[in-house]
Trainee: 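Have a look at this one before I ask anything.
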Amino acid sequence: MTGAGISGCRFQLKYLGGEVSGSGGTVIGTYTTSANGSFTVTGLKKGYYICEELESDSGHVIDAAPQSFYIQYALKERFAAPLPEFYQRRIIFWQDEEREFEAMVDELDLPGVEVIKLTGSNNFEVKKLLLHDDLTSDFLIYNPFSYENSKDNWLRDVELFSEEYRADYISMLMSELNVASGPAMRKTVKLYAKFLDSKERKGKLQKIGRSYETPIQFHIDVMAVLANVPGGSAQDVFISVLSHGLDEETNAPISNIKKFGNIDAFWQLVRKYTGYQYEEENPLGLFAAHVLLTALSQTMSAGVFKGLERFLSESNKAYCYSMVHEWQNREDHFALLELCRSVEQELQLPTRFDKQEIETLLTGDIFPAIHESILKRFYDEISGQVVKTDLILKTVENRRTSGWYEMFSDYYECLYHVARMQDFYQEHAGGFHIVEPKEIWKLYTEQGYQMDSNYRQFHLHFGNSLKDSNAVLEDKLKHAAEYVESLYKNWFLGGLTSCWANAVSDDLASLGYVSEIRRQRDFYTHYVRPLAGKTTRAFVIISDALRYEVAAEFSETLVRSTKGTAKLESMQAIFPSITKFGMAALLPAQRLGVYEQIIRLK
């Protein structure tokens, strides 16, 4: 350094405003130094400015930090301002830990103000001066030191009742971003200097509207902006990162954090919240496995994870569990599904789950493979004519509120209706040996119709499952369906139909109908005529070939949806039970007959 002026250097001057504030400042102009190394700008209005070097000559290095000036004027303004209530003098501590303006202190001209530079060895002497020797003078105390522990600062008590002044760019940023002063916060803001160089990024951070007292929230908010979830939590940042894939080179949030943030700070946040410690080889893949397995360990027994302990963090289980479950419930959970499938394959989790008891698997729902392991085991058992109804019903009830249920809902509903059909079978395993028609009628209208209903529902969900089939489950469900067909067609329909035919044969032969069971011919007399002539209106809706079990479901739906009442009753159809006779039988008449292929009512 020669002290000689340098010509041809370009500077940019920005106006920040009347105080240390603004969002980057308004450019006043660009100026080039003359032969004596200076330039002059006239007509500037009162306020605060930043001068930034843009270009130097080939033999010198640009000073990258923008230099604030007009310091003397700003300090005069501060000392001339009215004193706060109950104060009789003003003490200002000029904090300059980087010693950027140390050479300027001796050049200050502040009439009526005592200027003192702290040297590290005169702190006690200065404290005595301020608190004992001189209680009336105004003081500017220049402090180029910072303390990790405030107990080491002998003047801390004086600072607390005094004012603070900073003139450097980082201090201006801290003020602009509502960051509390202090060494830790200052270090954190400096860490993100490149991030804060962008007006757009800084604007997004400001828009969050937070004040920062501790470094961690500042870290999180910067990461959130870079991960495109401004204002989000650390959890939102992690989800955004993992949603963009496990390749660091193509992961946009990670690339942004590396370029404009601080990747080490990111992995420190990851460790703090999830317990994952960074590893150079496949860090995102290992991070994903760690989060998912640690989340699963919150509810599933430790024995399941033998050999996978490196992926678990005991103290972070609750956080990981909450993070995964919130992600499962988001609309963008498809990225999580891909992660789960990737980790399942990499760590061979389906094989591990297949070795666990059903009761153990029911305690976890992080991985889709858990559902597949449960379902294929039940389907295999059903194919072998082993139907554990109680365990199946317990399982379906448990799974309906679990993660990933929507993916497997049709498979579970198939399982549920098989169990319900098996329940009826077990209750009547000896077959149907009833001789009275009205007792068979009662059995069907009170219980037997549920076999029809469960069979229909089974095939509804079976058909739905084939529209977007699961390769692990499709064939196993098809094999289980063979047992359902045998149970319904051979045992139920075959057995009950034979029992009914034998019981009603005599009545049909002699009467043409079954005695002791209300008939369709009596519909008008029993239901409509009693309402005739009254103010009550009756609506008769006729649905041809409506199955009894569908009517039962419709009745339940009406009660549930309208909070009203509905009563379901049954009548035997006219024989033969074909539409043209059945419709005529509903109308009022003494006699019903067929004359020359024309149905007549009399």
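Positions are given from 1 along the sequence.
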Trainee: Do R166 and E100 sit within salt-bridge range, that is, some charged N less than 4.0 Å from a carboxylate O?
Mentor: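 Looking at R166 and E100, the cut-off is not met.
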
Trainee: Would you please say whether a donor-acceptor pair under 3.5 Å links the side chains of E97 and S146?
Mentor: no

Trainee: What I want to find out is whether E338 reaches R341 closely enough, with some N-O distance under 4.0 Å, to be called a salt bridge.
Mentor: no

Trainee: Using 0.5 Å steps for rounding, measure from the CD1 atom of I374 to the OG atom of S402.
Mentor: 7.5 Å

Trainee: Run the salt-bridge test on R400 and E413 with the 4.0 Å N-O cut-off and return the result as yes or no.
Mentor: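 Yes, charged N to carboxylate O under 4.0 Å.
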
Trainee: Is a side-chain N or O of Y165 found less than 3.5 angstrom from the main chain of A74, in a donor-acceptor match?
Mentor: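 Here the side-chain-to-backbone pair does not exist.
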
Trainee: Assess the residue pair N143 and E159 against the criterion (side-chain contact (heavy atoms from CB on, under 4.5 Å)); give the C-alpha distance rounded to whole Å, side-chain angles, the decisive distance to 0.1 Å, and a yes or no.
Mentor: CA-CA 11 Å; N143 179 23; E159 288 180 351; 3.8 Å; yes

Trainee: Does the side chain of W94 reach to within under 4.5 Å of the side chain of P144, using non-hydrogen atoms?
Mentor: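 The answer is no; the side chains never approach within 4.5 Å.
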
Trainee: To check you understand the geometry: which heavy-atom pair defines the closest contact between L361 and Q356, and what is its length?
Mentor: CD2-CB, 3.8 Å

Trainee: Please say whether more than 12 non-hydrogen atoms of neighbouring residues, nucleotides or ligands are located less than 6.0 Å from CZ in F161.
Mentor: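 Enclosed: over 12 neighbouring heavy atoms sit under 6.0 Å from CZ of F161.
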
Trainee: Apply side-chain contact (heavy atoms from CB on, under 4.5 Å) to V41 and list each qualifying residue two or more places apart in sequence or on a separate chain.
Mentor: L13, Y31, F39, L44

Trainee: Taking atom CD of E164 as the centre, report whether more than 12 heavy atoms of other residues, nucleotides or ligands fall under 6.0 Å from it.
Mentor: yes

Trainee: Could you go through the side-chain contact (heavy atoms from CB on, under 4.5 Å) check for H290 and V270 one step at a time?
Mentor: CA-CA 11 Å; H290 174 93; V270 167; over 6 Å; no

Trainee: Please determine, by modelled atom types, if H219 and Y192 share a side-chain donor-acceptor pair under 3.5 angstrom.
Mentor: yes

Trainee: Backbone N or O of G261 within a donor-acceptor pair of the N256 side chain at under 3.5 Å?
Mentor: no

Trainee: Does a side chain donor of either S150 or N153 reach within less than 3.5 Å of an acceptor in the other side chain?
Mentor: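 Their side chains do not contain a donor-acceptor pair, so the 3.5 Å distance test is not met.
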
Trainee: Of the non-hydrogen atoms in V237 and A227, which two are nearest, and what is the gap between them?
Mentor: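 Smallest heavy-atom distance, with atoms named: CG1-CB, 4.3 Å.
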
Trainee: Is it true that R89 and E114 make a salt bridge, defined as a side-chain N closer than 4.0 Å to a carboxylate O?
Mentor: no

Trainee: Take the angle between the ring planes of Y405 and Y412 and call it parallel below 30°, perpendicular above 60°, tilted in between.
Mentor: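 Rings of Y405 and Y412: parallel, under 30°.
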
Trainee: Does some side-chain heavy atom of M174 sit less than 4.5 Å from a side-chain heavy atom of Y212?
Mentor: no

Trainee: Please indicate whether E309 has more than 12 foreign heavy atoms, meaning atoms of other residues, nucleotides or ligands, lying under 6.0 Å from its CD.
Mentor: yes

Trainee: Once the angle between the rings of F367 and F353 is folded into 0 to 90°, is it parallel (under 30°), tilted (30 to 60°) or perpendicular (over 60°)?
Mentor: tilted

Trainee: Taking only Lys NZ, Arg NE, NH1 and NH2, and the carboxylate oxygens of Asp or Glu, determine whether D236 and R330 approach each other closer than 4.0 Å.
Mentor: yes

Trainee: Is it the case that the side chains of D221 and Q217 hold a donor-acceptor pair, with the cut-off being a distance below 3.5 Å and no angle test?
Mentor: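 Side chains of Q217 and D221: pair found under 3.5 Å.
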
Trainee: Should the heavy atoms of other residues, nucleotides or ligands under 6.0 Å from CG of D468 be counted, would the total exceed 12?
Mentor: no

